[in-house]
Amino acid sequence: MTSATSGPRLRDVNRVAVLALVGRHGPISRADIARRLGLSPPTVTAVSRALMEAGVIRKVDDAEPRGGRPGELLAVVGSAAVAIGVKVTSDRVTGIRADLDGTVLAEFSAPFDAIAANPFDALSELLRPYVAEAADTPLLGVGLGVPGFVDGRSGLVEAPLIGWRHMPLPQYLSRLLDVPVLVDNDVNTLAAYEHLYGIGRPYDDFLTVTLGQGVGAAVVSGGDLRRGGHGAAGELGHLPVDPAGPPCHCGKRGCLETYVSDAALVERARAAGVAANGPADLRAAADAGDRGAREVYREAGARLGGITAGLAAVLDPQAVLVSGEGTLAWAHLSEGFLRAFREGMFPPLADAVGVHVDPWDDAKWALGAAALVLRTPFTLSAEPQAYAVRARMAAFPGAELAQ
C-alpha cells in the first residue's frame, strides 16, 4: 500500500496507517494489521514498538486465547492525550473534554453572543479555564464546530447563520489560547465523530445528513472528510429545489432548507391548520395522530429521501447516517424518507446502501468537534495547525513535524 513512497515519508505513512487501524478497529493483533495494510510483519512490529514507546498504544490480552496462551492485541491508550471540543451556535456554546479513545471526561455549556463586538475575546475567555484544567494531560488542541464553513484558500470562517463573515478564527483563537485550534462545519465535525467513534466506524465511505434548524451533509470518502475546493462541500440545505419557491436566508429562493427545516415544517403545518408554534408542538400533534401533522412530515421525509438518493447515486457511499435535532421526529419522517430513498436509488445500489439513524445529542456534536483534533494523529492531514497537533502528541518518534 505504500510501495511508491520511501524514506521518512514512508515511515510516517506506516505509523499513521497502523495508528489509524488500531484507533478505529482495535483491539487488533499485529497479524491482522499486517494483513489489512499489506505491510510486512517486521514493519508492523517496528512501528507498533515505536508507538508503544511513545505511550500511544498498548498491549492487551486477547479475550479468546488460542493454544492455551493469551494472544497479544494492540489498543489505543486513551489517557495519552486529550482535546477540547465545542459546538458553537448563535447564543450558546456546548463543550466537552475527551481523551484519545473518545471517552468524555467533562462537559460544559454557557451562553454566548456570536455577534458580540469581539467574538475572539469572548470565546477565548470562555474556553481559557477549560484549557487550564486540561494541563495535567497532553492537550492536543481545541476543535470548534460552527454552522458554516472554513474557506480552504484563506482559512477564514464563513458562518452567515450566526453573523460571521471572513473571520480568521483559527489563527486568532490559537494565539489567544496558546494551543492549536481547528475549525470546521459542525456537520463535518459530527461525521468525524461517527467515523472515529460512532456508527460510521465500519465504513470508509459514508454520507452524513443532518436535519433540524437547517439541513446539512458531510461526505467521508476513502476514510477522509471531503471539504471541496472552497471548504463548503455538504451545503445540502442550499441545494436548489424550486427557483420560484419560498425565500431562503441565503438570498435565493426554493432551497431544500425552505421545505424540510424545522421552521419550514412548522410553517407548512400551520398553513394546513395544525396548531403548532414550534417543532415540539408539531411532533406532539403527529404523535397524537393528527393527520395534517403526519402528512407534513411524510412529504418532508419524501423530499429529503429523494434528494439523498441522488447524492448516493453520485457518491456511492456504503451507508447514509441521519442525525440532528430533526431525528426527534424520525418516527414520522422515516416512512416518506425510506420509500423515496429506495425508489430513487440507482438500481444496482438499491439494497447495498444502509440508512442508520443516530439519535440527536448536543454533547455528541461537541465530541465531534473534539474528534477534529483527536483524529489528526491518525491522518497525514495538511490542514492548518494539524502539524502542531501531531507535534504536541509526539506520536511519531523521529519524524520531522513542522510547527
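Numbers here simply count residues along the sequence, with the first being 1.
Expressed to the nearest 0.5 Å, how far CD1 of I84 lies from CG of L105 amounts to 10.5 Å. The distance from atom OG1 of T258 to atom CG of D242, rounded to the nearest 0.5 Å, is 8.5 Å. Put simply, CZ on R97 and OG1 on T103 are 12.0 Å apart, with the number rounded to the nearest 0.5 Å. To the nearest 0.5 Å, the span separating CG on L265 from CG on L333 amounts to 7.0 Å. Atoms CG and CD1, on L367 and I96 in that order, are 4.5 Å from each other to the nearest 0.5 Å. Between the NE2 atom in H166 and the CD atom in E158 there is a gap of 5.0 Å [rounded to 0.5 Å].
Across all their heavy atoms, P138 and A80 have their closest contact at CG-O, 3.5 Å. The two atoms that bring Y197 and A371 nearest to each other are CE1-CB, 4.2 Å, heavy atoms only. Closest non-hydrogen pair, A300 versus V260, comes out as O-CG1, 3.5 Å. Scanning both residues, S48 and L74, for their nearest heavy atoms gives CB-CD1, 3.7 Å. Nearest heavy-atom pair across P317 and A312 is CD-O, 3.4 Å. When every heavy atom of A218 is checked against every heavy atom of N188, the shortest pair comes out as CB-OD1, 3.2 Å.
Salt-bridge annotation for R291 and E295: absent, with no side-chain N of the basic residue lying under 4.0 Å from a carboxylate O of the acidic one.
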For this session: Could you walk me through whether T94 and W365 pass the side chain to side chain contact (heavy atoms under 4.5 Å, CB included) test, one step at a time?
Result: CA-CA 8 Å; T94 302; W365 289 71; over 6 Å; no
For this session: I would like to know whether V93 and L123 meet side chain to side chain contact (heavy atoms under 4.5 Å, CB included); could you show each step before the answer?
Result: CA-CA 9 Å; V93 296; L123 273 173; 4.1 Å; yes
For this session: May I have the step-by-step check of side chain to side chain contact (heavy atoms under 4.5 Å, CB included) for H238 and H249, ending in yes or no?
Result: CA-CA 10 Å; H238 300 290; H249 65 83; 3.7 Å; yes
Problem set entry | Derivation and outcome, salt bridge (charged side-chain N to carboxylate O under 4.0 Å, His left out), residues R375 and D224 | CA-CA 10 Å; R375 71 188 290 272; D224 201 8; 3.2 Å; yes
For this session: For E299 and R303, run salt bridge (charged side-chain N to carboxylate O under 4.0 Å, His left out): C-alpha distance rounded to whole Å, both residues' side-chain angles, the deciding distance at 0.1 Å, then the answer.
Result: CA-CA 6 Å; E299 289 181 356; R303 190 179 292 274; over 6 Å; no
For this session: For R165 and L156, run side chain to side chain contact (heavy atoms under 4.5 Å, CB included): C-alpha distance rounded to whole Å, both residues' side-chain angles, the deciding distance at 0.1 Å, then the answer.
Result: CA-CA 8 Å; R165 298 299 304 269; L156 300 177; over 6 Å; no
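Within the 4.5 Å cutoff, the side chain of V22 has no heavy atoms near those of the L51 side chain. Residues D113 and I115 have side chains in contact (heavy-atom distance under 4.5 Å, counting atoms from C-beta outward). Residues L37 and V44 have side chains not in contact (no heavy-atom distance under 4.5 Å, counting atoms from C-beta outward). Counting heavy atoms from C-beta on, the side chains of S261 and Q213 never come closer than 4.5 Å. Residues Y203 and V220 fail the side-chain proximity criterion, which asks for heavy atoms closer than 4.5 Å. Taking the side chain as every heavy atom from C-beta outward, L144 and L182 never approach each other to under 4.5 Å. Contact annotation: the side chain of T308 never approaches that of V355 to less than 4.5 Å [non-hydrogen atoms, C-beta and beyond]. Inter-residue side-chain proximity for V183 and V181 is flagged as met; some heavy-atom pair is nearer than 4.5 Å.
In this structure, the side chain of E257 does not engage the main chain of G214 through any donor-acceptor pair within 3.5 Å. At least one donor-acceptor pair under 3.5 Å links the side chain of W164 to the backbone N or O of A114. Using modelled atom types, one side-chain atom of D205 and one backbone atom of G222 make a donor-acceptor pair closer than 3.5 Å. A distance-only check finds no donor-acceptor pair linking the side chain of E107 to the backbone of G95 [under 3.5 Å]. The main-chain N or O of G148 is found under 3.5 Å from a side-chain atom of N185 such that the two form a donor-acceptor pair.
Residues passing the salt bridge (charged side-chain N to carboxylate O under 4.0 Å, His left out) test with K59 are E72, sequence neighbours excluded. Applying the ring-ring contact (aromatic ring centres under 6.0 Å, His included) rule to Y297 yields the partners H332; only residues at least two apart in sequence or on another chain are considered. With sequence neighbours left out, the side-chain hydrogen bond (donor to acceptor under 3.5 Å, both in side chains) criterion links R294 to no other residue. By the ring-ring contact (aromatic ring centres under 6.0 Å, His included) test, H230 is found to be paired with no residue, residues two or more places apart in sequence or in another chain being considered. In terms of the side-chain hydrogen bond (donor to acceptor under 3.5 Å, both in side chains) criterion, residue partners of R35 (sequence neighbours excluded) are, by chain and number, D32. Every residue was checked against the salt bridge (charged side-chain N to carboxylate O under 4.0 Å, His left out) condition with E235, not counting sequence neighbours, and none meets it. Not counting sequence neighbours, the partners of F108 by the ring-ring contact (aromatic ring centres under 6.0 Å, His included) test are Y130. Under the side-chain hydrogen bond (donor to acceptor under 3.5 Å, both in side chains) criterion, E125 pairs with R128, sequence neighbours left out. Listed by chain and residue number, nothing satisfies the ring-ring contact (aromatic ring centres under 6.0 Å, His included) test with Y259 (two or more places apart in sequence, or in another chain). Under the side-chain hydrogen bond (donor to acceptor under 3.5 Å, both in side chains) criterion, D91 pairs with T89, not counting sequence neighbours.
Residue pairs satisfying the side chain to side chain donor-acceptor pair (under 3.5 Å) criterion with at least one member in residues 314-331, sequence neighbours excluded, are absent. For the salt bridge (charged side-chain N to carboxylate O under 4.0 Å, His left out) condition, no pair includes a residue of residues 279-290, sequence neighbours left out.
More than 12 heavy-atom neighbours from other residues, nucleotides or ligands sit within 6.0 angstrom of CG on N118. Within a 6.0 Å sphere centred on CZ of R270, other residues, nucleotides and ligands contribute 12 heavy atoms or fewer. The number of heavy atoms from other shown groups lying within 6.0 Å of CZ (F120) is above 12. Heavy atoms from other residues, nucleotides or ligands lying under 6.0 Å from CD of E133 number more than 12.
Classification of the F341-F337 ring pair by plane angle, with boundaries at 30° and 60°, yields parallel.
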